[in-house]
Amino acid sequence: MNYHFSAYLYRLQYIQRWSLMRSTAPENVAQHSFQVALLAHMLCTIGNAHFGRSLNADRASTMALFHDATEVFTGDIATPVKHNNSRLLSSFREMEQVAADRLAAMIPPELSAVYAPLLQPHTSPPGSEDAGLLRYVKAADVLDAYLKCVWEVAAGNREFAAAKEQTAAKLHVLGMPEMEYFLKHMAPGFEMSLDELSSSASQGQSAGQPESIE
């Protein structure tokens with residue numbers, strides 16, 4: 001018997017994001033999932049290193065990779081549309097459930113215990129590790145949207161100016177010290193050109209910071 005789970009996930013690269021916005025650089029769900037995985041891992045690691053957490057960064061990164069898997073069937077529905085009213089949001093949640101069930105049916109039975117829960121992380125029991133990490137995955141999801149807005153505005157695209165401010169407000173409301181650390185120390189680089197990044201890195205090395213290893 002053939003199982004098409006992985007083949008469908010590869011098709012996330014054909015699901016475009018920001019469909020209602022004029023972008024300087026198109027973004028698909030596969031790219032977004034990768035970036036959210038990077039950010040979730042980073043937020044957890046910051047929490048462990050600076051704020052005394054004991055977070056499983058690797059697990060959070062894995063959860064992030066699959067967090068939008070159902071969009072291979074539902075597509076990416078813009079947030080203003082999805083949250084326009086409670087009935088519409090409820091219908092979308094039902095669509096997500098149907099999509100998750102359909103994907104889960106494509107997983108080989110002996111692998112289902114690993115992958116099926118990743119398709120529906122919101123069903124994790126309260127107090128479980130996954131339930132705790134889901135907060136970081138959701139935060140990383142919003143952070144990635146913010147960084148997309150930052151990048152677009154830095155490129156001169158005013159289409160994303162209001163979204164940048166709105167998304168920044170959402171990040172601060174989270175009340176996560178890990179997020180504030182990232183926004184202060186890491187996010188500014190997203191507004192720089194490649195030359196500016198290189199110059200800044202060179203100045204840091206000359207000031208005694210260790211050189212990066214490629």
Side-chain angles (χ1 to χ4, degrees), residues 3-21 23-47 55-83 92-93 95-107 111-112 114-124 129-152 160 163-164 167 170-171 174 176 178-179 182 186-187 189-190:
Y3 298 97
H4 303 311
F5 179 66
S6 295
Y8 266 102
L9 292 185
Y10 258 63
R11 290 179 176 269
L12 287 171
Q13 64 186 297
Y14 302 125
I15 309 299
Q16 296 300 310
R17 287 171 50 81
W18 305 96
S19 58
L20 295 179
M21 309 277 283
S23 299
T24 61
E27 180 181 275
N28 62 58
V29 174
Q31 289 174 301
H32 169 67
S33 299
F34 167 72
Q35 289 159 188
V36 174
L38 292 180
L39 294 172
H41 196 283
M42 179 64 69
L43 291 175
C44 289
T45 303
I46 290 171
L55 300 165
N56 187 338
D58 292 345
R59 178 63 179 175
S61 185
T62 299
M63 291 170 65
L65 281 175
F66 291 86
H67 84 284
D68 276 343
T70 55
E71 290 187 3
V72 75
F73 293 127
T74 68
D76 177 66
I77 300 177
T79 297
V81 175
K82 188 164 48 180
H83 292 272
F92 177 74
R93 296 304 181 209
M95 288 169 56
E96 280 187 320
Q97 183 62 56
V98 172
D101 291 342
R102 184 176 176 188
L103 274 174
M106 300 178 184
I107 304 171
L111 307 182
S112 184
V114 172
Y115 291 102
L118 294 170
L119 302 176
Q120 302 180 80
H122 58 279
T123 63
S124 302
E129 179 183 54
D130 280 4
L133 293 176
L134 184 58
R135 179 172 182 247
Y136 287 83
V137 174
K138 288 182 176 180
D141 191 20
V142 180
L143 177 57
D144 185 58
Y146 171 72
L147 295 175
K148 166 67 172 176
C149 295
V150 168
W151 217 334
E152 290 286 341
F160 281 79
K164 175 185 174 183
T167 312
K170 291 180 181 179
L171 294 177
L174 293 175
M176 297 176 67
E178 298 91 340
M179 184 65 72
F182 186 98
M186 309 186 83
F190 287 79

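Computed from a predicted model, the values in this text were never measured in an experiment.
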Practice problem: Of all the heavy-atom pairs spanning Ala131 and Ser124, show the shortest one and how long it is. | Solution: N-CB, 3.9 Å

Quiz item: Taking the six-membered ring of Tyr146, is NZ or CZ of Lys170 closer than 6.0 Å to its centre and within 45° of its axis?
Solution: no

Quiz item: What pair of heavy atoms forms the shortest contact from Ala116 to Ala104, and how long is it?
Solution: CB-CB, 4.5 Å

Quiz item: Can you list the steps and then say if Lys148 with Ser23 is a side chain to side chain contact (heavy atoms under 4.5 Å, CB included)?
Solution: CA-CA 10 Å; Lys148 166 67 172 176; Ser23 299; 3.9 Å; yes

Exercise. For the pair Glu152 (side chain) and Thr24 (backbone), establish whether a donor and an acceptor sit closer than 3.5 Å, ignoring hydrogens and angles.
Key: yes

Self-check item: Side chain proximity check, Tyr136 to Met176, heavy atoms < 4.5 angstrom
Solution: yes

Quiz item: Got a second to check how far Phe160's CZ is from Thr167's OG1, nearest 0.5 Å?
Solution: 9.5 Å

Practice problem: Report yes if the side chains of Leu119 and Phe5 come closer than 4.5 Å at any heavy-atom pair, otherwise no. | Solution: yes

Quiz item: Once you round to the nearest 0.5 Å, how far does CZ of Arg135 lie from CG of Leu174?
Solution: 7.0 Å

Quiz prompt | Flag side-chain contact, heavy atom, 4.5 Å: Arg102 against Val98 | solution = no

Exercise. Provide the closest heavy-atom pair for Thr74 versus Ala99 in the form atom of the first, atom of the second, distance.
Key: CG2-CB, 4.0 Å

Quiz prompt | Over all atoms of both residues, closest heavy-atom pair of Cys44 and Ala60 | solution = SG-CB, 3.7 Å

Self-check item: Side-chain touch His67/His32, heavy atoms, less than 4.5 angstrom
Solution: yes

Quiz prompt | Reported CG-to-CG distance for the pair Asp68 and Leu9, which is rounded to 0.5 angstrom | solution = 11.5 Å

Self-check item: Spatial distance of atom OG1 (Thr62) from atom CG (Asp130) [nearest 0.5 Å]
Solution: 9.5 Å

Exercise. Only counting residues at least two apart or in another chain, list the ones meeting side-chain hydrogen bond (donor to acceptor under 3.5 Å, both in side chains) with Trp151.
Key: none

Quiz item: Which heavy atom of Leu43 sits nearest a heavy atom of Ala139, and at what distance?
Solution: CD1-CB, 4.2 Å

Quiz prompt | Spatial distance of atom CG (Leu12) from atom CZ (Arg17) [nearest 0.5 Å] | solution = 11.5 Å

Exercise. Go through the steps to decide whether Asn56 and Leu133 satisfy the test side chain to side chain contact (heavy atoms under 4.5 Å, CB included), and finish with yes or no.
Key: CA-CA 8 Å; Asn56 187 338; Leu133 293 176; 4.2 Å; yes

Self-check item: Side chain to side chain, Leu143 and Leu171, heavy atoms closer than 4.5 Å
Solution: yes

Quiz item: Taking Gln31 for the side chain and Asn28 for the main chain, is one N or O donor matched with an acceptor at less than 3.5 Å?
Solution: yes

Practice problem: Write down the atom of Ala57, the atom of Thr45, and the distance for their closest heavy-atom approach. | Solution: CB-OG1, 3.7 Å

Practice problem: Decide side chain to side chain contact (heavy atoms under 4.5 Å, CB included) for Ile46 and Met186; before the verdict, give the C-alpha distance in whole Å, the side-chain angles of both, and the deciding distance to 0.1 Å. | Solution: CA-CA 11 Å; Ile46 290 171; Met186 309 186 83; 4.2 Å; yes

Self-check item: Donor-acceptor contact present, side-chain Ser33 to main-chain Val29, <3.5 Å
Solution: yes

Quiz item: Crowded around Tyr14 OH? As in, over 12 foreign heavy atoms under 6.0 Å?
Solution: no

Quiz item: Considering only heavy atoms from C-beta outward, does the side chain of Leu103 approach that of Tyr115 to under 4.5 Å?
Solution: no

Practice problem: Please say whether more than 12 non-hydrogen atoms of neighbouring residues, nucleotides or ligands are located less than 6.0 Å from CZ in Phe34. | Solution: no

Quiz item: Just checking, is any N or O donor in the side chain of Gln120 or Glu96 under 3.5 Å from an acceptor N or O on the other one?
Solution: no

Quiz item: Any side-chain heavy atom of Leu39 within less than 4.5 Å of one from Phe182?
Solution: yes

Quiz item: To the nearest 0.5 Å, what is the distance between CG (Asp144) and CD (Gln35)?
Solution: 4.5 Å

Quiz item: Could you walk me through whether His41 and Leu55 pass the side chain to side chain contact (heavy atoms under 4.5 Å, CB included) check?
Solution: CA-CA 9 Å; His41 196 283; Leu55 300 165; over 6 Å; no

Quiz item: Mind checking whether Gln16 and Asp76 have side chains closer than 4.5 Å, heavy atoms only?
Solution: no

